[in-house]
Amino acid sequence: MTTLHDRIFASVFPPPSEVDVPTPTATPILGSSGFGEPFGSQHTTASQSATETGAAEQIKWDRAWHTATTFLSLRDEPIHAEQDEETLKGRWIRYAGPETQNALAYLLSESSRGRQLRRESNTDDLLRWYFEKVVLEHYVKHVLPGLIRILRKSQVPNDLFEAGQQLHIVKSIYLHPLQNHVAQTLSNGGRTELARFETDLHGLFTHTLPQDKVVENLSAFFGQQCSLILNGVGKNGMQDVVSSVPVVRQRTLKLMQMLQGVGLGGYQAQRIFAEVMSDILTSHIKSTYAGVWTSPSNVVEHLRDWVENSFSRFVVEILSSMKSDNASGIDELMDVTHADVERWQELGVNKLGALRTDELFDVIVEWENGSQGAIEDLKRYVTTPSSRTYLTTKFSSVVSYRLLQPGASTTEILQVYISIIRAFTLLDPKGVLLDRVARPIRRYLRERDDTVTIVVGGLLADPEDESSADDVLLELAIEMNKSATAKGEDDADDADLDYDDMNWMPDPVDAGPEYKKSKNSDVIGSFISLFESKDIFVKEFQNILGERLLKKEYEFDREIRVLELLKLRFGEPALQACEVMLRDILDSRRVDTFIHKDKELDLNDESAPELHTRILSHLFWPSLHSETFFIPPEVESLQSRYSTGFESLKQSRKLTWLHALGQVTVALDLEDRTVIEEVQTWQASVIYAFQPSPSEDSSTPITRTFNDLVETLQMTDSLLRNALTFWIGKLVLKQTSTCPPTYAVLETLSDEDAAHPGTTSAAIAAAAETATAAAAPAVLSEHEVAQEKMEVYWQYVVGMLTNGGPMPLQQIVMMLKLTVPGGFPFGSEELKDYLEEEVRGGKLDFAGGVYRIKH
């Protein structure tokens, strides 16, 4: 029988325990319970109960605390996750006996007296003690170092599996005594307390692990696994076996559930997953749809279907595995709704639009090869002001970098501009987007000197002529044929005033203040409106038309058609001169035929030259080359008879012959060959000068010096050099001496030349072609016209520099404005260019900022 003395002794000196005592023993106070009796039992007598005090209750609490903390203590050693389940249970799992269960109930049950006495105390919280003194110390000392080593291996996803498995086992061991023994003593099964403990445990795991390694591993894991599952692409970029995808999918879901269970699948994992899925959506769009531009396009529909049936389903699975399943019963993530799927589809369309925006320049370059499907995709994207602004800004930047550069020819820029007009008209029929992207292109084209020439040349080109030069813009000729029914420009400008138009729509909200869209806006209208004044276009058209009329022999159907179409756009008064030019050429045929019959110019003598003319109304034609030189007497005689016939037909009108504009068919009978060439008139005059005179021996080669030819023909040095170079290139002449320059007829060819007739060295041939091309144009350029006008004032300059001595440029300009009757019409820059040419020609010297006559 246990006496009171024994009970007091036992309360001071408790029996030995199997483990170390984690808490101090109670203070010796009378009135404690006996061995084997429940804490707080009613076995004492009334006199004993009366003697119990607060100190006795403290003894009960300390005994219970000692027993409970002994049970909850953990071994001071690591948890080896690689051990089998039975070994782990045997070493780490304890089962509570009746005494331990009574102690836990006394410490935690709300109905126990000890708990009621300490209701307001925060120092006697057994669960808090367990987390801070047991779990935290054990985790930091034995678990965390191993987890850090695992995460630093960078073996995705093996390291995540290993770390997740380790944490899962650790969590199970830490939670086991609470779930199986402590929870029964708490109200409502301890759900609130267990949820709070699990939250603290997850926070411990999350905040102690190296965040950079966790983020790095999660990002790499999601990137590899999700890309393989959705796109079938492994880490090496190769297509993996389709049968492995379900295995990877299950492994991924299992890992996500494991990470979620240990607190690593919360907001951070969700954010990383969202970023990775956004990147996967982008990579899928690029790998699947980049360069797919065929029309009609079903790319958007295919993308929406993939997002709904593949992308969204996988996201739902991952998010389901990341849902919280803790004791609180509160899901941390919302379910995926149909609205979410629609947002993802719109996100995919936007990413596709961004891809098409990046490809837009290449799409336009390949427009003729069938890339309209990309524009159809873009139409689904440019539905908001922000997307429209992004497209035009990005495209303008690409155009500036890749197209508007000195290395690109004007023809190339114009060809791309035509495709831009077609593409953006399809993309945005109202023309707002085209108006934005075209402005820098149009501004750049206005700065190029040859833009108007190429545009007009393209309008007059023959689209069926396969031999056209590369710099001819045949696309304009094709567009001109399409626009035969186009209205006048003024009608198009007044399109918005048509109050009977039931299809009228207001301008888009993002249209600029200078936006103006014509109903009949097309490629031709866009190119014609490139120039601030239509006079620039009409003048260039007049020059090129003059060149073509003077060179073509018979048919002018193309020129007539273009002229009629331009009259619809500009009006007849603006093109009156061009109409007169065309009529001159057509009337010349009738007049030429009449004069030939009237003056009997068509002789039966086959050796006699034949003369045909084009009679021009000089007031309506642009400035033409008017170089003078002597022509063969036979031709001069025909010209005289022709002039007489014209004056009899057209009284009060006279002919002025422009020798430099003619073309001559020359037949040369040499000793071993006959040469027939279509040449310019000065070239014919030069070769005619090599005919032997009556006093010369025709059996010897005929030679002429350069100075003799200049004196005989009264021809400028440039024309003479051109003609000599041409005939040397044709192996008709050869240079026999350089001082003085002497030339002779090549009557017979050497064996080498005979083996390759009609050829010569590359240098001579290139020089001949260059010289011919340089002198071929009949219409004077603006520079040549200015030079001719400037020569009128050359004598004034010579007189000033002779009488007044050397002068700077500004002083010369001022003197010319004072002395020239009517004023000097040119500026400083134009006079400077002219004087620099005279310096190069050896007539002036320039030094110290002043010009002087060169002696």
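Everything numeric in this text was worked out from a predicted model, so none of it was measured.
A donor atom on one side chain and an acceptor atom on the other are not found under 3.5 Å apart for T453 and D450. Counted by atom type alone, K351 and T282 present one or more donor-acceptor pairs between their side chains at under 3.5 Å. Using modelled atom types, one finds no donor on one side chain facing an acceptor on the other under 3.5 Å when comparing S400 with S397.
When all heavy atoms of I420 and I441 are compared, the pair lying nearest together is CD1-CD1, 3.5 Å. Between V538 and A574 the shortest heavy-atom distance is CG1-O, 3.3 Å. In terms of heavy-atom proximity, N543 sits nearest to P622 at OD1-CB, 3.0 Å.
With sequence neighbours left out, E346 forms a salt bridge (charged side-chain N to carboxylate O under 4.0 Å, His left out) with R304. With sequence neighbours excluded, no residue forms a side-chain hydrogen bond (donor to acceptor under 3.5 Å, both in side chains) with T383. With sequence neighbours excluded, the residues forming a side chain to side chain contact (heavy atoms under 4.5 Å, CB included) with E308 are V341, Q345, listed by chain and number. For R442, the side chain to side chain contact (heavy atoms under 4.5 Å, CB included) criterion is met by Y417, A438, R446, S526, S529, L530, not counting sequence neighbours. With sequence neighbours excluded, the residues satisfying side chain to side chain contact (heavy atoms under 4.5 Å, CB included) with Q810 are S828. Applying the side-chain hydrogen bond (donor to acceptor under 3.5 Å, both in side chains) test to S419 and every residue at least two apart in sequence or in another chain returns nothing. Residues that satisfy the ring-ring contact (aromatic ring centres under 6.0 Å, His included) test with F846, not counting sequence neighbours, are Y851. Partners of E301 by salt bridge (charged side-chain N to carboxylate O under 4.0 Å, His left out), not counting sequence neighbours, listed by chain and number: R380. In terms of the side chain to side chain contact (heavy atoms under 4.5 Å, CB included) criterion, residue partners of E376 (sequence neighbours excluded) are, by chain and number, S295, P296, S297. Partners of Q576 by side-chain hydrogen bond (donor to acceptor under 3.5 Å, both in side chains), not counting sequence neighbours: none found.
Looking at D428 and R388, a side-chain N of the basic residue comes within less than 4.0 Å of a carboxylate O on the acidic one, giving a salt bridge. The pair R439-D435 meets the salt-bridge criterion, since a charged nitrogen lies less than 4.0 angstrom from a carboxylate oxygen. Under a 4.0 Å N-O distance rule, the pair E359/R356 qualifies as a salt bridge. Under a 4.0 Å N-O distance rule, the pair R271/E275 qualifies as a salt bridge.
R548 has its side chain within reach of I544: a pair of non-hydrogen atoms, C-beta onward, lies under 4.5 Å apart. Side chains of E579 and K567 form a contact here, defined as non-hydrogen atoms less than 4.5 Å apart. Counting only heavy atoms from C-beta outward, the side chains of L360 and L391 approach each other to under 4.5 Å. Put simply, the side chain of D362 does not reach to within 4.5 Å of the side chain of W367, judged on heavy atoms. Under the 4.5 Å side-chain criterion, counting only non-hydrogen atoms from C-beta, W621 is not in contact with Q542. The shortest distance between side-chain heavy atoms of V437 and V399 does not fall below 4.5 Å.
Between the side chain of S287 and the backbone N or O of H284 there is at least one donor-acceptor pair closer than 3.5 Å. The main-chain N or O of L445 is found under 3.5 Å from a side-chain atom of T451 such that the two form a donor-acceptor pair. Although no hydrogens or angles enter the test, the distance criterion places a donor-acceptor pair under 3.5 Å between the side chain of D340 and the main chain of T337. Under the 3.5 Å distance criterion, the side-chain polar atoms of E540 are left unmatched by any main-chain donor or acceptor of V455. With T288 contributing its side chain and I285 its backbone, the two residues share no donor-acceptor pair below 3.5 Å. When atom types are taken as modelled, the side chain of S278 and the backbone of A274 share no donor-acceptor pair closer than 3.5 angstrom.
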Show the numbers, then the answer: is there a side chain to side chain contact (heavy atoms under 4.5 Å, CB included) between D305 and H302?
-> CA-CA 5 Å; D305 180 72; H302 186 274; 5.8 Å; no

Side chain to side chain contact (heavy atoms under 4.5 Å, CB included) between V456 and L545, intermediate numbers included | CA-CA 9 Å; V456 176; L545 179 64; over 6 Å; no

Kindly determine whether V307 and S312 satisfy side chain to side chain contact (heavy atoms under 4.5 Å, CB included), including the steps that lead there.
-> CA-CA 6 Å; V307 170; S312 299; 4.0 Å; yes

Run the numbers on W293 and N369 for side chain to side chain contact (heavy atoms under 4.5 Å, CB included), then give the verdict.
-> CA-CA 10 Å; W293 304 332; N369 297 329; over 6 Å; no

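Separating the CD1 atom in I524 from the CG atom in L566 is a distance of 8.5 Å, to the nearest 0.5 Å. To the nearest 0.5 Å, the span separating CG on L460 from CG on L563 amounts to 9.5 Å. Separation of atoms CG (L404) and CZ (R402) is listed at 12.0 Å; rounding is to 0.5 Å. Going from atom CD of Q415 over to atom CG of L474 covers 8.5 Å, rounded to the nearest 0.5 Å. With values rounded to the nearest 0.5 angstrom, M581 atom CE is found 11.0 Å from L575 atom CG. Here CG of L403 is found 5.0 Å from CD1 of I413. Values are rounded to the nearest 0.5 Å.
The only option from T411, I418, V523 that meets the side chain to side chain contact (heavy atoms under 4.5 Å, CB included) definition with E475 turns out to be I418. The residue from L459, L414, I454 that alone fulfils the side chain to side chain contact (heavy atoms under 4.5 Å, CB included) condition with F527 is L414.
For residues 407-420, no residue pair satisfies the salt bridge (Lys or Arg N to Asp or Glu O under 4.0 Å) rule, not counting sequence neighbours. Sorted by first and then second residue, the pairs that involve residues 381-405 and meet ring-ring contact (aromatic ring centres under 6.0 Å, His included), not counting sequence neighbours, are F395-F424.
Counting heavy atoms of neighbouring residues, nucleotides and ligands inside a 6.0 Å radius, atom NZ of K286 does not exceed 12 of them.
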